[in-house]
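Structure provided below as structure tokens; questions to follow.
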Number of protein chains: 2
Amino acid sequence: MNTQENRLNKIIDKIKKNGHRLTSQRIAIIKYLVESSNHPSADEIYSSIKKDYPATSLATIYKTISLLKSYNELLELEFSDKGSRFDGFSSSPHPHFICTRCSKIEDAEIETDSIVKQINEDAHFQIEYFKMNFYGICSQCRNIK
Amino acid sequence: MNTQENRLNKIIDKIKKNGHRLTSQRIAIIKYLVESSNHPSADEIYSSIKKDYPATSLATIYKTISLLKSYNELLELEFSDKGSRFDGFSSSPHPHFICTRCSKIEDAEIETDSIVKQINEDAHFQIEYFKMNFYGICSQCRNIK
DNA sequence: GTACTTGCAAAGCTTTTGCGACATC
DNA sequence: GATGTCGCAAAAGCTTTGCAAGTAC
């Protein structure tokens with residue numbers, strides 16, 4: 001079983017365990033999120049799900065997003081200007097690269113345990129999770145000039 | 001001359017240098033931002049400025065915020081649920097602690113140069129700046145229980 | 001005097017909410 | 001069959017925009 005299937009099943013289990021209902025729309029949305037590595041917006045999720053469920057509404061997308069966040073199974077990248085982007089590909093906090101020219105978002109493969117550990121020692125805060133975004137020009141945009 | 005006065009003058013110089021106009025509202029807003037360490041929202045800035053300029057509007061606050069961001073003299077903390085908070089106290093990127101219980105935001109006194117340096121070496125991105133938020137329970141909320 | 005800025009109101013966006021109809025358990 | 005969920009429309013919040021009047025230069 002591959003990683004995405006694993007994540008899908010894990011989330012389905014949580015839905016059952018919490019007494020929530022397993023609707024076909026939910027499964028479609030979760031499947032889409034788990035398989036996406038491009039950090040979609042709510043509207044992009046909506047457009048994709050609409051192909052199979054023409055009657056779906058954005059409200060349902062947001063309700064499912066909210067459910068997944070409550071399970072800690074979805075990361076939200078918050079942008080004041082163009083709304084949030086979501087990362088359901090991997091549920092554990094990790095840094096992101098954001099291109100200031102083309103707005104592309106990429107997962108940053110950076111070891112963060114030691115950073116968080118050190119901060120937890122220094123801080124008077126008890127760190128639960130983090131959000132880390134690094135902004136710059138991606139290699140593609142740098143080559144185009 | 002203290003640090004805040006220094007920052008205020010630095011920003012005033014930038015306004016002049018860029019051919020923008022030095023209005024009394026702008027100075028008041030910048031002064032407020034430079035002296036605040038509590039990461040105010042646009043509305044909190046507005047309420048404070050209104051005391052001296054009763055006719056001020058939120059639009060002017062946002063326009064000044066936009067100007068300062070274009071100068072790289074204002075950090076924006078983006079939250080999808082309750083709008084942005086601003087940090088004009090120090091203009092260089094630094095991490096923040098955010099209490100998940102009382103929503104307090106504090107500057108995190110953490111050395112980040114080495115982290116950014118390492119990422120710049122590893123990454124195919126050319127990092128210009130970052131946003132780093134650490135979420136958890138602050139010491140006050142922990143004691144209250 | 002020119003052109004940038006202000007303040008007001010309206011518009012724009014994303015996200016949330018209320019509610020009747022429907023589907024899951 | 002009970003109740004959680006869906007889909008629609010309307011509402012809510014924050015932020016931006018258009019424009020006439022005012023102000024800095």
Side-chain angles (χ1 to χ4, degrees), chain A residues 11-30 32-33 39-71 74-86 103 105, chain B residues 11-33 39-71 74-86 103:
Chain A
I11 296 171
I12 288 176
D13 281 349
K14 280 200 185 179
I15 291 178
K16 289 182 188 166
K17 205 167 288 174
N18 283 277
H20 292 132
R21 292 195 180 161
L22 214 55
T23 65
S24 47
Q25 293 95 325
R26 272 189 185 162
I27 294 173
I29 295 168
I30 296 167
Y32 176 80
L33 282 169
H39 310 87
S41 64
D43 202 67
E44 281 163 356
I45 302 167
Y46 174 54
S47 300
S48 173
I49 300 301
K50 222 176 172 177
K51 288 173 195 157
D52 292 320
Y53 298 86
T56 306
S57 71
L58 252 179
T60 299
I61 307 293
Y62 278 110
K63 283 167 190 167
T64 304
I65 285 171
S66 176
L67 188 74
L68 292 176
K69 285 205 292 179
S70 76
Y71 292 163
L74 189 65
L75 304 177
E76 180 175 12
L77 293 119
E78 298 165 287
F79 302 106
S80 58
D81 49 348
K82 27 185 170 181
S84 292
R85 301 301 204 95
F86 300 94
S103 297
I105 302 171
Chain B
I11 296 171
I12 288 176
D13 281 350
K14 281 200 185 179
I15 291 180
K16 288 181 188 167
K17 204 167 290 176
N18 282 277
H20 292 131
R21 295 199 177 158
L22 215 55
T23 65
S24 47
Q25 293 95 325
R26 272 188 186 162
I27 295 174
I29 295 168
I30 297 167
K31 201 162 181 295
Y32 177 80
L33 281 169
H39 309 87
S41 65
D43 202 66
E44 282 163 356
I45 302 167
Y46 174 54
S47 301
S48 173
I49 300 301
K50 222 177 172 176
K51 288 173 196 156
D52 292 321
Y53 298 86
T56 305
S57 71
L58 252 179
T60 299
I61 307 293
Y62 278 109
K63 283 167 190 167
T64 303
I65 284 170
S66 177
L67 188 74
L68 292 176
K69 285 205 292 180
S70 76
Y71 292 162
L74 189 67
L75 304 177
E76 180 174 13
L77 292 119
E78 298 165 288
F79 301 106
S80 58
D81 49 349
K82 27 185 170 181
S84 292
R85 302 301 203 96
F86 300 94
S103 297

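Given the structure is predicted, the values throughout are model-derived calculations rather than measurements. Chain letters run A, B, ... following the sequence lines, proteins first and then strands; every chain starts at 1.
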Of B:R26 and B:A55, the one whose closest DNA chain C nucleotide lies more 5': B:R26
Check the interface with nucleotides 22-25 of chain C: list each N/O to N/O pair with the protein under 3.5 Å, or write none.
| unit_1 | atom_1 | unit_2 | atom_2 | d |
| --- | --- | --- | --- | --- |
| C:dT24 | O2 | A:R21 | NH1 | 2.8 |
| C:dC25 | OP1 | A:L22 | N | 3.0 |

B:Y32 and B:P40, any side-chain heavy atoms less than 4.5 Å apart: yes
B:S48 (side chain) donor-acceptor with B:I45 (main chain) under 3.5 angstrom: no
Find every protein N or O atom lying less than 3.5 Å from an N or O atom of nucleotides 12-19 of chain C, and list the pairs.
| unit_1 | atom_1 | unit_2 | atom_2 | d |
| --- | --- | --- | --- | --- |
| C:dT15 | OP1 | A:S84 | N | 2.9 |
| C:dT15 | OP1 | A:S84 | OG | 3.4 |
| C:dT15 | OP2 | A:Y62 | OH | 2.0 |
| C:dT15 | O5' | A:Y62 | OH | 3.0 |

Heavy-atom closest contact (B:A42 atom, B:F86 atom, distance): N-CE1, 4.0 Å
Gap separating the CD atom of A:Q25 from the CD1 atom of A:I49, nearest 0.5 angstrom: 9.5 Å
Terminal helix-axis angle for the helix from C:dG1-D:dC25 to C:dC25-D:dG1, with five pairs defining each axis and rounding to 10 degrees: 40°
B:I15 CD1 - D:dC25 C1' separation (whole Å): 14 Å
side-chain contact (heavy atoms from CB on, under 4.5 Å) involving A:D13 - partner list, sequence neighbours excluded: none
Any A:S57 side-chain nitrogen or oxygen under 4.0 Å from OP1 or OP2 of D:dC6: no
Phosphate contact (D:dT23 OP1 or OP2) by B:Q25 side-chain N/O below 4.0 Å: no
Output side-chain donor-acceptor pairs under 3.5 Å for residues 14-23 of chain A, partner residues at least two apart or in another chain, one line each.
| unit_1 | atom_1 | unit_2 | atom_2 | d |
| --- | --- | --- | --- | --- |
| A:K14 | NZ | A:Y71 | O | 2.9 |
| A:K14 | NZ | A:E73 | OE2 | 2.9 |
| A:N18 | ND2 | A:K14 | O | 2.6 |
| A:H20 | ND1 | A:Y71 | OH | 2.6 |
| A:T23 | OG1 | A:R26 | N | 3.2 |

Residue pairs, two or more places apart or on separate chains, that pass salt bridge (charged side-chain N to carboxylate O under 4.0 Å, His left out) and touch residues 40-69 of chain B: B:E44-B:R85, B:K69-B:E76
Sugar-phosphate only, base, or nothing, as touched by A:S41 at under 4.0 Å among non-hydrogen atoms: nothing
